[in-house]
Structures are given as structure tokens and as C-alpha cells.
Amino acid sequence: MARKTVRHVITSPELISQINPKNKDLVESFLEYLESTDKSSGTIDAYRSDLNIAFCWCVMELDNKFFVEWSKRDVQKLQMYLIKKMELNSCRIRRFKACLSSMSNYIENILDDEFPTFRNIINKIESPPKVAAREKTVISEEEVDNLLEVLMEREQYKKACLIALAAFGGRRKAELCRFKVSDFDDDHLVCEGALYKSDPIKTKGRGSNGKVINCYTLAKDFKPYFDAWMKYREENGIESEWLFPDHINPEEQMNTSTIDSWYAYFSEILKKDFYCHALRHSLCSRYLRAGIPASVVKDIFLWESLEMVSIYSDIESEESFARYFGADGIKTVEKKSITDL
């Protein structure tokens, strides 16, 4: 089954309508400020959701108290509610408090003329220690091949193409939706045809002018699934510049919520929890097993530090040792390049 996230939503239109007007105005002012600093729409939506939870709780448990007047004891009560009633994990609570802290900084630094005595107290209350909320899923190359084989046998070419792009390109879920068909024509082949290099694609980052990157995909491995999906599209009159168009409006790219809805299906085939990020780990490990230097892997994924390579590697230490040590002692290992894959 797909990894489970505990969700206890306390918000409702009725509760939101009862939120203290001062708190409502503060939220809108804060979110407008975030927009003016070019924060991404995803960040703003997440902050709005967390603030709705905080102030609906305030309606129920804190007599609708104005946020500027909250005490450290109030913050402690909210944190206990998040732990005991909403059952949020430690990482989620830290993100929730980061939202409140960010709004507090906004009040302290921007609205200081209105609230000169206000101070950010959110982080005065110690957060619960970090604990991994979910067990990591490791997907082997054999499992990737099996998943793709099943999808192709079932003629589910769109799903197969998406899994192949994730497995052989290693991009994030949102980035998968942003590829265009033209990113996989012959003009985009590099390294003697070993890799597709996409046109710049917006990645995780700030606002409408966020970071854009050229994404690399293993061409030989990906192309059969791309060709099958393109053939299906042609036979069924699906025309769009997007590789994965929205099924209702082909002029728009597919939404990540569609990928989320496929997780349980992929998990059933794999017989283990599936999520797209596991394929990012899988590709990093694939490169390392092939003998690609960590510095090259870093550049392929466009990571800023080599530390990210070790974070994304699923290779156990003894497996790494076996590459360099054997019955005769130390082995001589030849370094490889992408074209050797």
C-alpha cells in the first residue's frame, strides 16, 4: 500500500467564518507580503492551510484570541493539540511552527509600528525531537523493470512512460508534469545519444521566476516507453505540447494529484509502498553501482554538494565494500562514464 499520512482536518467553512476578524486580516496581510516577496504559490497555499488550522483551533480552544496576544503557554497548548489530537509527526509540527514563526517575524519586523512590543515567541517552545515518520522504500532496478513490464502488458502506456521518466530521469513529482514532448526529440540528445537534455524546466524554488534546470534522462532506457505512449496518443487523437497532458484539458499539463492517485496502484504491483522520490534514490544508486563518480552524479542531478549523493544512495556500506575488495584483497576498479551505461 502507498505510504499513509495521518490527516485530522479540524477546519470547516463554519469554523473559518468564526475566526477573529483581526486574525483574518493578519493572515491576509501576511500572505500578501509573501506574494510580494515572490514566494511560490505552493508555499502560500501551505501557509494558508496551516494558519486556518491554527486559528480554527484558536476559535475552539483559546476564545478566539488575537494572535498578537498569544502567550508561550498558548503556543504550548497548540503544540500539545497537534501532537495528541491531530497526531502530527515531529517533522510536520516543525513545519507548522515554522509557518507561525514566519508570520511572527513579519509582525515584528514589518508591523512594528502597530505592535511595537510584539516579539516572536513560537520557537521559545521546544519542538519534539525529529523522528522519521515513514519507513524508507528502496526500489531495486529489477523492481523498476517489473513494474514497467506489468504496465506495458496492461497497455497503460501513460503510467509506464511516467514511471520510466521518474526511474531514468530521477526528477521530482512536480517536475515530471512539466516535461514537453519536444524534450525528447533527437535534437535533445547529448553524450553521443546516451542522454536526453531537456529545455529548462522549473524546479522546486521561489515564485514564478524560480530556478529552472536542464534535466537529463537515460535515452536508451526511456525511449521504448516514450515511443509506446506517443503511439497511443497518436492513435487516440491526444494532441498537446505536454508529455503528460491533463485528461480533461490537454492544453494544460497533468496535475501532481493525478500521480498521487496512482500511488496505491503502483504499490499493489510492487508489493511495497511506492512514492516517486524512491525512484530518484533508485537512479542515484544505479549510477553509483555502474561506477559513475559521485561528482558526475551530483552534476547530473544538479545538486549543490556531494553530500546529496550519499543522502540519495540506497547502497549499503558492505555492498560498496564488495566493489573494491575481494578474495585477493583490494580490487582495481575502472571508472566509467554515462555512455558506458
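With hydrogens and angles disregarded, a donor-acceptor distance shorter than 3.5 Å links the side chain of Ser104 to the backbone of Leu100. With hydrogens and angles ignored, the 3.5 Å screen pairs a side-chain donor or acceptor of Arg280 with a backbone N or O of Gly170. At least one donor-acceptor pair under 3.5 Å links the side chain of Ser36 to the backbone N or O of Tyr33. In this structure, the side chain of Thr203 does not engage the main chain of Ile213 through any donor-acceptor pair within 3.5 Å. The backbone N or O of Asp199 sits less than 3.5 Å from a side-chain atom of Asp183, completing a donor-acceptor pair. Without hydrogens or angle criteria, Ser267 side chain to Tyr263 main chain gives a donor-acceptor distance under 3.5 Å. Formation of a donor-acceptor pair under 3.5 Å by the Asp221 side chain with backbone atoms of Ala164 is not found in this model. Under a 3.5 Å cut-off, the side chain of Asn236 and the backbone N or O of Tyr232 do form a donor-acceptor pair. Looking at Ser282, its side chain never comes within 3.5 Å of a backbone N or O of Leu279 through a donor-acceptor pair. Between the side chain of Asp74 and the backbone N or O of Leu62 there is no donor-acceptor pair closer than 3.5 Å.
Heavy atoms of other residues, nucleotides or ligands lying less than 6.0 angstrom from CD of Glu307 number 12 at most. When the shell of 6.0 Å around NZ of Lys24 is examined, it contains more than 12 heavy atoms from other residues, nucleotides or ligands. A 6.0 Å sphere centred on CD of Glu35 holds no more than 12 heavy atoms belonging to other residues, nucleotides or ligands. Environment of CD in Glu14: sparse, with no more than 12 heavy atoms of neighbouring residues, nucleotides or ligands closer than 6.0 Å. Within 6.0 Å of atom CG in Asp63, 12 or fewer heavy atoms from other residues, nucleotides or ligands are found, so the atom counts as exposed in its surroundings.
By the side chain to side chain donor-acceptor pair (under 3.5 Å) test, Asp145 is found to be paired with no residue, residues two or more places apart in sequence or in another chain being considered. Applying the side chain to side chain donor-acceptor pair (under 3.5 Å) criterion to Arg94, with sequence neighbours excluded, gives no partner residue. Applying the ring-ring contact (aromatic ring centres under 6.0 Å, His included) test to Trp242 and every residue at least two apart in sequence or in another chain returns nothing. Remark: Tyr106 engages Ser29 in a side chain to side chain donor-acceptor pair (under 3.5 Å) (not counting sequence neighbours). With sequence neighbours excluded, the residues forming a ring-ring contact (aromatic ring centres under 6.0 Å, His included) with Phe115 are Phe66, listed by chain and number. For Asp185, the side chain to side chain donor-acceptor pair (under 3.5 Å) test picks out His188, with sequence neighbours left out. Applying the ring-ring contact (aromatic ring centres under 6.0 Å, His included) test to Phe184 and every residue at least two apart in sequence or in another chain returns Phe179, Tyr196, Phe222, Phe226. For Lys158, the side-chain contact (heavy atoms from CB on, under 4.5 Å) partners at least two apart in sequence or on another chain are Trp229, Phe244, Met254, Trp262.
Taking the six-membered ring for Trp and thresholds of 30 and 60 degrees, Phe274 and Phe266 have ring planes more than 60 degrees apart, a perpendicular arrangement.
Seen from the ring of Tyr265, Lys159 counts as a face-on cation partner, given the 6.0 Å and 45° thresholds.
Checked against the 6.0 Å centroid threshold, His277 and Tyr312 count as a close aromatic pair.
The two residues Asn214 and Ser198 come nearest to each other via the heavy atoms ND2-O, 2.9 Å. The shortest non-hydrogen separation linking Val309 to Cys284 is O-SG, 3.7 Å. The two residues Asn23 and Asn64 have their closest heavy-atom pair at ND2-O, 4.4 Å. Here the closest non-hydrogen pair linking Ile259 and Cys177 is CD1-SG, 3.7 Å. Of all heavy-atom pairs between Cys56 and Ile16, the closest is SG-CG1, 3.8 Å. The shortest heavy-atom contact between Phe55 and Val27 is CE1-CG2, 3.5 Å.
Taking 4.5 Å as the limit, every side-chain heavy atom of Ile201 sits out of range of all side-chain heavy atoms of Val212. Contact check for Arg286 versus Leu218: side-chain heavy atoms found under the 4.5 Å cut-off. The shortest side-chain heavy-atom distance between Ile269 and Leu151 falls under the 4.5 Å cut-off.
In the hydrophobic clustering (ILVMFWY side chains linked at under 4.5 Å, chained through shared members), Ile248 stands by itself.
Note: the hydrophobic cluster containing Val138 does not contain Ile315 (ILVMFWY, side chain heavy atoms under 4.5 Å, direct or indirect links). Ile83 and Ile122 fall within the same hydrophobic cluster, defined by Ile, Leu, Val, Met, Phe, Trp and Tyr side-chain heavy atoms under 4.5 Å apart, directly or through other members. Transitive grouping of hydrophobic side chains (ILVMFWY, heavy atoms separated by less than 4.5 Å) brings Phe67 and Ile110 into a common cluster. Both Val190 and Leu165 belong to a common hydrophobic cluster when Ile, Leu, Val, Met, Phe, Trp and Tyr are linked at side-chain heavy-atom distances under 4.5 angstrom. At a threshold of 4.5 Å between side-chain heavy atoms, the hydrophobic network of Ile, Leu, Val, Met, Phe, Trp and Tyr places Met80 and Ile121 in two separate groups.
A salt bridge links Lys272 to Glu143: one of the charged nitrogens lies within less than 4.0 Å of a carboxylate oxygen. A salt bridge does not link Glu175 to Arg178: none of the charged side-chain nitrogens sits closer than 4.0 Å to a carboxylate oxygen. Residues Arg48 and Glu28 are paired through a salt bridge, judged by an N-O separation under 4.0 Å between the basic side chain and the carboxylate. For the pair Asp50 and Arg92, the salt-bridge criterion is met [side-chain N within less than 4.0 Å of a carboxylate O].
Under the salt bridge (Lys or Arg N to Asp or Glu O under 4.0 Å) criterion, the residue pairs touching residues 225-240 are Lys223-Asp227, with sequence neighbours excluded. Residue pairs meeting the side chain to side chain donor-acceptor pair (under 3.5 Å) criterion with at least one partner in residues 244-256, sequence neighbours excluded, are Asn255-Ser257. Among residue pairs with one or both ends in residues 253-267, those qualifying as salt bridge (Lys or Arg N to Asp or Glu O under 4.0 Å) are Lys173-Asp260; sequence neighbours excluded.
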Requested in this report: Starting from the C-alpha separation in whole Å, work towards a yes-or-no answer on side-chain contact (heavy atoms from CB on, under 4.5 Å) for Phe301 and Met308.
Outcome: CA-CA 9 Å; Phe301 282 96; Met308 294 299 293; over 6 Å; no

Requested in this report: Starting from the C-alpha separation in whole Å, work towards a yes-or-no answer on side-chain contact (heavy atoms from CB on, under 4.5 Å) for Phe96 and Ile53.
Outcome: CA-CA 10 Å; Phe96 191 100; Ile53 291 173; 3.8 Å; yes

Query - side-chain contact (heavy atoms from CB on, under 4.5 Å) evaluation trace for Lys65 with Cys58 - result: CA-CA 7 Å; Lys65 192 174 183 179; Cys58 184; 4.2 Å; yes

Query raised in the report: Does the pair Leu189 and Asp186 meet the rule for a side-chain contact (heavy atoms from CB on, under 4.5 Å), with working shown?
Result: CA-CA 5 Å; Leu189 289 169; Asp186 289 346; 3.9 Å; yes

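With values rounded to the nearest 0.5 angstrom, Asp45 atom CG is found 14.5 Å from Lys39 atom NZ. Separation of atoms CG (Asp299) and OH (Tyr216) is listed at 8.5 Å; rounding is to 0.5 Å.
Between Asn105 and Asn120, the side chains place a donor N or O and an acceptor N or O closer than 3.5 Å (distance only, hydrogens not considered). Checking Lys97 against Ser127 by side-chain atom types alone, a donor-acceptor pair falls below 3.5 Å.
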